[in-house]
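Working notes for the structure below.
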Amino acid sequence: MNENEFIYKKDNSTVLEDGSFAWRAPSNIALVKYWGKREVQLPENPSISFTLSNCFTETTLEFKKNNSLKVVDFGEYESTSRAASFRIYLDGKEKPEFSDKIGSFLTRIGKLVPFISDYDFVIKTHNSFPHSSGIASSASGMAALSLCIMSMEKALNPSMSEAQFYQKASLLARLGSGSAARSIKGELVVWGQHSSIQGSSDQFGVAFPHEMHENFKNYQDTILLVDKGEKVVSSTVGHNLMHGHPFAQQRFAQANENLSKLSEILQNGDLEAFVNLVESEALTLHAMMMTSNPYFILMKPNTLQIIDKIWKFRTETGSNVCFTLDAGANVHVLFPEKEKVRVNDFIARELVDFCQKNEYISDSVGSGAKQM
Ligand code: PMV
């Protein structure tokens with residue numbers, strides 16, 4: 001599907017002067033990782049993630065029609081002559097330092113939602129997880145803001161179907177932060193075109209189209225906060241490392257194969273195969289960063305200590321607990337709901353000491369964004 005098919009078509013009968021919309025959008029954790037992109041925010045390989053439940057962003061978008069003409073160059077994405085104006089608040093405090101990111105996002109989506117240039121906005125946002133937890137808020141944040149903008153479009157164009165609404169919300173979110181495309185729906189979301197996932201697209205995320213085995217229902221994700229600092233390598237720098245990377249093509253082919261395998265596993269409930277594939281994906285992501293130039297090691301000594309403990313625990317107890325990693329040092333500990341008591345006890349006894357200030361977040365698979 002071509003991006004131009006998503007351009008807003010004006011319905012002259014509806015007037016929207018002022019008001020507000022609010023959405024809660026979840027974070028997500030990738031099982032098959034997206035690493036490497038081409039213009040504009042299109043993935044070099046398909047990815048799949050669990051939608052989370054407790055880690056989310058809540059955003060209220062207040063809007064008021066403006067009449068001032070602001071002449072702005074929208075570059076290659078835009079032909080309208082006005083830019084959206086906005087102020088942004090996090091937990092009640094104005095955050096001018098977020099303006100560049102939000103401004104370029106609004107500029108980038110301007111061609112698809114040109115009505116935004118007719119309004120002045122106040123964006124009020126809150127994350128359920130601490131700002132300095134080392135957990136990126138870009139996926140849930142971009143998804144929540146995109147959904148608010150889509151609520152405006154829906155108000156202006158009520159004939160839009162629910163499917164179109166969510167597809168375009170995911171597409172807008174993707175233009176803010178790639179993995180945000182996967183933060184609209186639950187419980188499993190695929191982003192990126194793949195032959196075994198019907199309806200999948202590089203443009204937007206889609207709900208996993210098959211029945212998920214009950215072994216994965218309410219799957220647990222405990223996020224161990226090993227390093228709560230800012231990311232050492234920004235996503236943009238990281239993805240760019242895949243340009244000219246000696247193993248890039250093999251990696252993209254492997255991600256495609258892994259998604260085929262994981263699609264089967266998620267349907268047949270093979271936990272052993274799940275553990276193997278998910279951990280291999282996490283380590284491959286980090287291997288890509290270690291073998292690029294410039295090269296990075298984003299794991300910390302405590303990340304490795306935790307991995308070692310998880311492997312020992314699995315060998316000793318036959319548990320299906322496993323880990324995955326984002327592009328950082330924090331560890332996501334994944335396990336089936338029926339192992340909750342035993343694994344929580346293991347985490348409290350053996351893993352929490354490796355977290356900064358003993359901090360961690362207990363989460364589980366969630367069902368997607370909600371309007372508030
Ligand atoms: O959405 P971005 O550009 O921040 O990229 C996220 C990439 C990983 O989190 C490392 C993997 C993924 O698929 O979420």
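Counting starts at 1 for both ligands and their atoms, in listed order.
- Between the side chain of Glu62 and the backbone N or O of Ser20, no donor-acceptor pair lies under 3.5 Å.
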Once you restrict both partners to nitrogen or oxygen, which atoms of ligand 1 have a protein partner under 3.5 Å, and how far apart are they?
| from | atom 1 | to | atom 2 | distance (Å) |
| --- | --- | --- | --- | --- |
| ligand 1 | 1 (O) | Ser177 | OG | 3.1 |
| ligand 1 | 1 (O) | Ser179 | N | 2.8 |
| ligand 1 | 1 (O) | Ser179 | OG | 2.6 |
| ligand 1 | 3 (O) | His239 | NE2 | 3.0 |
| ligand 1 | 4 (O) | Ser235 | OG | 2.5 |
| ligand 1 | 5 (O) | His239 | NE2 | 3.0 |
| ligand 1 | 9 (O) | Asp326 | OD1 | 3.4 |
| ligand 1 | 13 (O) | Tyr34 | N | 2.9 |
| ligand 1 | 13 (O) | Arg182 | NH1 | 3.0 |
| ligand 1 | 13 (O) | Arg182 | NH2 | 3.2 |
| ligand 1 | 14 (O) | Arg182 | NH2 | 2.7 |

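- Judged as a ring-ring contact (aromatic ring centres under 6.0 Å, His included), the pairs with a partner in residues 212-234 (not counting sequence neighbours) are, in order, Phe50-Tyr219, Phe216-Tyr219, Phe216-Phe274, Tyr219-Phe274.
- Partners of Arg24 according to the side-chain hydrogen bond (donor to acceptor under 3.5 Å, both in side chains) rule, which considers only residues two or more places apart in sequence or in another chain, are Glu58.
- Classified by interplanar angle (parallel below 30°, tilted 30° to 60°, perpendicular above 60°), the ring pair Phe6/Phe204 is perpendicular.
- No donor-acceptor pair closer than 3.5 Å links the side chain of Ser53 to the backbone N or O of Gly366.
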Run the side-chain donor-acceptor check on residues 348-355: report pairs under 3.5 Å with partners two or more places apart or on a different chain.
| from | atom 1 | to | atom 2 | distance (Å) |
| --- | --- | --- | --- | --- |
| Arg349 | NE | Asp345 | OD2 | 3.2 |
| Arg349 | NH2 | Asp345 | OD2 | 3.2 |

